[in-house]
Amino acid sequence: MKVLVVGSGGREHAVIRKLAENPEIDRIFCAPGNGGISVQAQLVEIKATDVEGMVAFAKKEGIDFVVVTPDDPLVLGMADAMEEAGIPAFGPSKKAAQIEGSKVFAKNLMKKYGIPTAKYEVFDDPSQVIAYIERENQFPAVIKADGLALGKGVVIARNLAEAKEAVHSIMEDKIFGKSGNQVVVEEFLTGKEVSVLAFTDSHTISPMISSMDHKRVYDNDEGPNTGGMGTIAPSPYYTPEVAKRCMEEIFLPTMEAMKKEGRPFKGCLYFGLILTERGPKVIEYNCRFGDPETQVVLPLLKTDLFTIMRAVRDERLGEVDIQWSTGAAACVVLASGGYPKKYETGLPIEGLDENGGHPGVIVYHAGTKKQDGRFLTAGGRVLGVTGLGETLPQALEKAYGAVREITFKNAHYRTDIGKK
Ligand code: AMP
Ligand code: GLY
């Protein structure tokens, strides 16, 4: 079989390495992929958002199954376009992907179906947002652009001045384009954050092992938000009791709600949760695997990923017995100095073998390029180094041991992943 994976980050590398374990798959293609991914997959130079180009390639190449991994192509309807062309695809339809594509849609869904989340108001007029925030006078105030914003559409404003600036740049300067036509203002919640990815075919929902992301660029959660600087799995805060509550109050109700709305969700549904004193609440939904959550979750999956993905697509997930390892995983991201702002690329990476790996760990490539047999940096997040162990401290020790031996000019990583 020939499988095409759409996307180019560490998450896609993790998906591909897991798919490659299935002997039925002869060839894996990845569009556009990266240097490290080229070891397991044939790279195809098509942008992840080029729906027409991707479908044309899949038809021409006789692809048997497509995995649409990133949010943008899903929100653009790439999974539907593949299915319409007769190519089975893993990933939600355009209608279902709105659960991530529009925060207003997601919040209204939760309100309608009683799914616990922060209280909120929706606005399309900047002066009304400011008036509301002034009237409420509750800080920090959480302001979210409605649409996709490269993970940067959430502002936690500590005071009125910051709130005004955020509203101005999102709604008037339109730094995220149309995504800022509407904003959600919501209550600030406190508690431990947990990510739970779940396979669902819209009839069955099967949560994966929980994980915890570290979004800020510097230690002690300082500095600007990034795509994610490291992850651990499982989250020690996600106890069996919390898991049971999440299943009853959040996971099943969300799956049912999407079905009732005529938007059955098939694929990987990501629950960004916060464990408040009053129980778990949803901070955000994503319509896809998280990055770098996938880099700690999939290595702990014992069941064949391709079998699961096909069962999701065929709506027979209930027939698959999904098994997880009892161990732990930790991923430390090596980023380019300066990320998430300006950074240099094209720098040679030292400490990788000819396959882009390193002994004792799994090295997932996020932003690399292969040139004359060497790996060069090509993005903000460069590598995700995952260590596995019986316990979290063991997993962390392995990951950090390797991270200290892999380097490039101005490389930056957090030294406190998993410390909390
Ligand atoms: P998101 O892009 O929706 O994942 O939001 C980015 C981050 O903002 C989250 O991981 C949380 O740390 C924080 N955040 C979002 N919404 C809230 C909220 N209502 N209360 C507290 N923190 C929040
Ligand atoms: N790590 C957060 C995300 O993938 O959105």
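Residue numbers start at 1 and run along the sequence shown. Bear in mind the structure is a predicted one, so any value in this text is a computation, not a measurement. Start at 1 and go down the list; that is how both ligands and their atoms are numbered.
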Lys NZ or Arg CZ of Lys111 over Tyr120 ring: under 6.0 Å, within 45°: yes
Amino acids contacting ligand 1, non-hydrogen cut-off under 4.0 Å: Lys103, Ala118, Val142, Lys144, Val154, Ile156, Glu186, Glu187, Phe188, Leu189, Glu193, Lys215, Ile283, Glu284
Tyr339/His412 aromatic ring centres below 6.0 Å: no
Side chain to side chain donor-acceptor pair (under 3.5 Å) against Arg17, all qualifying residues, sequence neighbours excluded: none
N/O separation below 3.5 Å, Glu284 to ligand 2: no
Centroid-centroid under 6.0 Å between Phe65 and Phe90 rings: no
Aromatic ring proximity Phe139/Phe188, centre distance under 6.0 Å: no
Sub-6.0 Å ring centroid separation between Phe289 and Tyr270: no
Output field: ring centroids Phe123/Tyr132 closer than 6.0 Å: yes
Atom indices of ligand 2, in the order listed, that fall short of 4.0 Å to a heavy atom of Asp213: 1 (N), 2 (C)
Atom indices of ligand 2 within 4.0 angstrom of Gly290 heavy atoms, with elements: 4 (O)
Minimum-distance protein heavy atom relative to atom 2 (C) of ligand 2: Tyr270 OH, 3.5 Å
Heavy atoms from other residues, nucleotides or ligands near CZ of Arg316 exceed 12 (cutoff 6.0 Å): yes
Distance filter under 4.0 Å to Gly227 heavy atoms, resulting ligand 2 atoms: 1 (N)
Atom 5 (O) of ligand 2: the protein heavy-atom neighbour that sits closest, reported with distance to 0.1 Å: Arg288 NH2, 2.9 Å
Residue selection (non-hydrogen contact nearest atom 1 (N) of ligand 2) among Met229, Arg11, Glu293: Glu293
Expected output: side-chain His358 to main-chain Gly351 donor-acceptor under 3.5 Å: yes
